[in-house]
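For clarity, every value in this text was computed on a predicted model and none was experimentally measured. All ligand and atom numbering here is 1-based and tracks the order in the structure.
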Amino acid sequence: MSGNKAAIRGWTRTQSRLGRQAARPVVAFGLLSCLLGVGQAWCVASVLGHALVGLVSGAGANALALWPVFTFAVLAFIRALIMALSDTAAAKAGIDARRRLRGEVLASILTGGPALLRKTHSGELANIAVDRVEALDGFFARWVPASVLWYMAPILILLPVGFIQPYAALVLGLCGASVPFGQALFGIGAAMASRNQFLAMTRLQARFLDRVKGIATIVLAGRADDETQRLGQAADELRQRTMKVLRVAFLSSASIDCAMVIALVLIAIMDGRQAMALLSGGASPALTYTLTSGLFVLLVIPEFFAPLRGLALAYQDRAHAQGAATAILDLPEAQQRPSPEGARTVSASGIMISLEDVCFTWDPARGPALDHVSFTVPAGETLILAGPSGSGKSTIMELLLGFIQPDSGSVRLNGAPLESIVPDSLSRMVSWIGQRPVLFAGTLKDNILFARTDADEADLLAAVKAAAVDQFLPSLPDGLETRIGEGGFGLSGGQAQRIAIARAYLKNAPILLLDEPTAHLDPATEKSVFESLQRLALRRTVVLATHSAAVHMFNGRRVDLQAGHVAARQGAA
Ligand code: ADP
Ligand code: MG
């Protein structure tokens with residue numbers, strides 16, 4: 001994770017700006033509720049003030065007026081209503097923002113494509129798209145409104161207090177102003193603790209996913225106990241970091257309590273003195289006013305500190321957002337769609353592929369993966385990319401799929417640079433089959449229809465036949481409706497690959513990219529899969545990466561790659 005601080009701060013600022021618009025109703029409701037709170041405090045103070053004076057003068061409860069009680073009840077009702085509205089508005093702001101961000105993150109992940117998986121664990125990607133975006137809810141629903149309310153609401157309260165008791169307003173103002181210093185002190189710790197907690201969580205998730213996938217390897221190697229222990233350690237690390245986050249949060253809320261108690265004591269002492277001085281004179285309007293206003297100020301103190309407490313609570317949300325920003329900023333930029341003038345589509349059939357002097361480097365420390373590679377595949381012909389493992393075959397495939405762009409040189413389809421082609425139209429033109437097909441948990445039929453959900457029964461059956469899926473259907477309990485597990489669990493490698501071929505038949509795209517499609521198959525199965533592929537390759541432009549000896553079954557041009565450059569050519573490639 002590259003924790004570029006300036007970039008993270010920039011990201012947080014942009015998100016705050018975007019969030020503030022949606023937070024406006026929440027802020028307005030917050031201020032209104034604060035004013036109502038002040039009104040309620042006055043009602044309570046005036047009831048208590050009158051009662052106290054009544055007690056002192058012996059006049060009893062008949063001095064009690066009913067209007068403050070009634071007003072209090074009305075204000076409380078309105079306040080509850082406003083709180084509900086405010087919560088709804090905050091939840092909506094959070095939901096909208098999460099939807100927007102999840103769209104952005106998914107776009108980035110899709111742009112990165114398989115190239116992204118070469119450096120980031122799939123568990124981490126899932127964590128970013130789900131948990132981290134989810135954790136941003138508090139940032140928009142709580143932090144953004146709190147970051148405005150924390151100073152506006154106390155100022156709003158200081159106005160009536162200053163009017164009634166300037167000294168109390170001064171004390172409150174000073175105590176309130178000291179809070180941000182305490183917060184700054186603990187807040188920094190909170191942000192760091194929360195970022196570490198996120199890292200620990202991501203690590204635990206990635207590790208767990210990895211080990212679940214490799215469960216057979218672990219058990220056979222007799223490492224089950226070891227691995228359980230390691231997972232336990234990772235979980236324990238997460239626990240410790242979580243406790244630290246809680247500890248820091250506790251300290252920061254204690255600093256607010258401290259300021260509040262100081263303000264309360266100072267103001268109570270002052271009010272008490274004033275009341276004592278007047279008390280000797282018996283009941284008087286001056287005494288009633290002093291008691292009422294003194295009680296009012298004391299009652300309003302928690303109201304004054306509430307927005308500050310809200311900010312402290314929401315600080316955790318901001319820290320979470322920064323943790324999420326680190327991960328989100330590490331994703332590649334979502335692909336910019338070419339501007340409408342520059343965008344092009346290429347005719348849907350008869351496509352010529354050409355690479356012109358293409359260079360590409362994954363990691364400068366490891367040298368170029370492709371070094372001035374050029375070749376042409378005329379429309380409807382097949383090019384065989386041969387070469388040992390690591391020679392750059394898959395890199396060429398990813399260039400052709402548009403997941404990565406060449407450092408220099410160009411990839412063209414019918415002469416049009418690949419990056420100028422509308423992404424949707426590119427993905428419609430290309431079928432890709434890799435070493436292991438990606439099959440999802442579901443029925444066989446759903447898995448085939450994945451390529452074209454609107455295909456009718458006749459198309460489906462034609463694809464099933466052409467890919468020779470029908471050869472092994474009788475051995476399955478429910479035929480096409482048989483449920484298979486994630487990754488094609490329950491099927492053999494050859495059977496799974498046939499499903500991928502059936503998908504390609506359904507999609508019927510003019511370009512076919514095959515990246516070592518038979519790498520994991522035994523020679524007999526390989527031969528029959530190659531036969532199906534030969535049929536599929538008819539009338540399409542094909543690039544077939546393989547180092548299989550059976551490749552002579554395909555006639556076409558051939559390019560031999562060696563450590564990223566073209567070592568030999570056969571045919572007119
Ligand atoms: P092939 O498919 O022919 O086996 P690849 O195209 O997968 O070869 O890899 C070509 C070279 O690029 C290899 O040396 C490989 O180590 C390197 N490479 C591939 N992906 C990355 C990556 N994400 N980071 C660094 N190097 C990479
Ligand atoms: Mg490869």
Judging by distance only, is a nitrogen or oxygen of [X] under 3.5 angstrom from one on ligand 1?
X: Asp363; result: no
X: Thr395; result: yes
X: Gly392; result: yes

Would you check if there is a donor-acceptor pair between the side chains of [Y] and [X] at a distance under 3.5 Å?
X: Thr228; Y: Asp225; result: no
X: Ser548; Y: Glu526; result: yes
X: Arg452; Y: Asn508; result: no

Below 2.8 Å, any N, O or S contact between Gln435 and the Mg ion (ligand 2)?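 Coordinating: no.
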Backbone N or O of Ser492 within a donor-acceptor pair of the Gln495 side chain at under 3.5 Å?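 Such a contact is found between Gln495 side chain and Ser492 backbone.
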Main-chain N/O of Leu544 paired to Lys393 side chain as donor or acceptor, under 3.5 Å: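 Not a single qualifying donor-acceptor pair exists.
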How far is [atom] from its nearest protein heavy atom, and which residue and atom name does that atom have?
atom: atom 3 (O) of ligand 1; result: Lys393 N, 2.8 Å
atom: atom 23 (N) of ligand 1; result: Arg118 CB, 3.3 Å
atom: atom 25 (C) of ligand 1; result: Trp362 CB, 3.3 Å
atom: atom 16 (O) of ligand 1; result: Arg366 NH2, 2.7 Å
atom: atom 13 (C) of ligand 1; result: Gly390 O, 3.6 Å

Quick one: do Asp560 and Arg558 make a salt bridge, cutoff under 4.0 Å?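 Salt bridge: yes.
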Run the contact test for Ser389 against ligand 1 with a 4.0 Å cut-off on heavy atoms, strictly below, and give the result.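 Yes.
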Greater than 12 external heavy atoms within 6.0 Å of Phe472's CZ: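 Yes, CZ of Phe472 has more than 12 neighbouring heavy atoms, counting only those of other groups under 6.0 Å.
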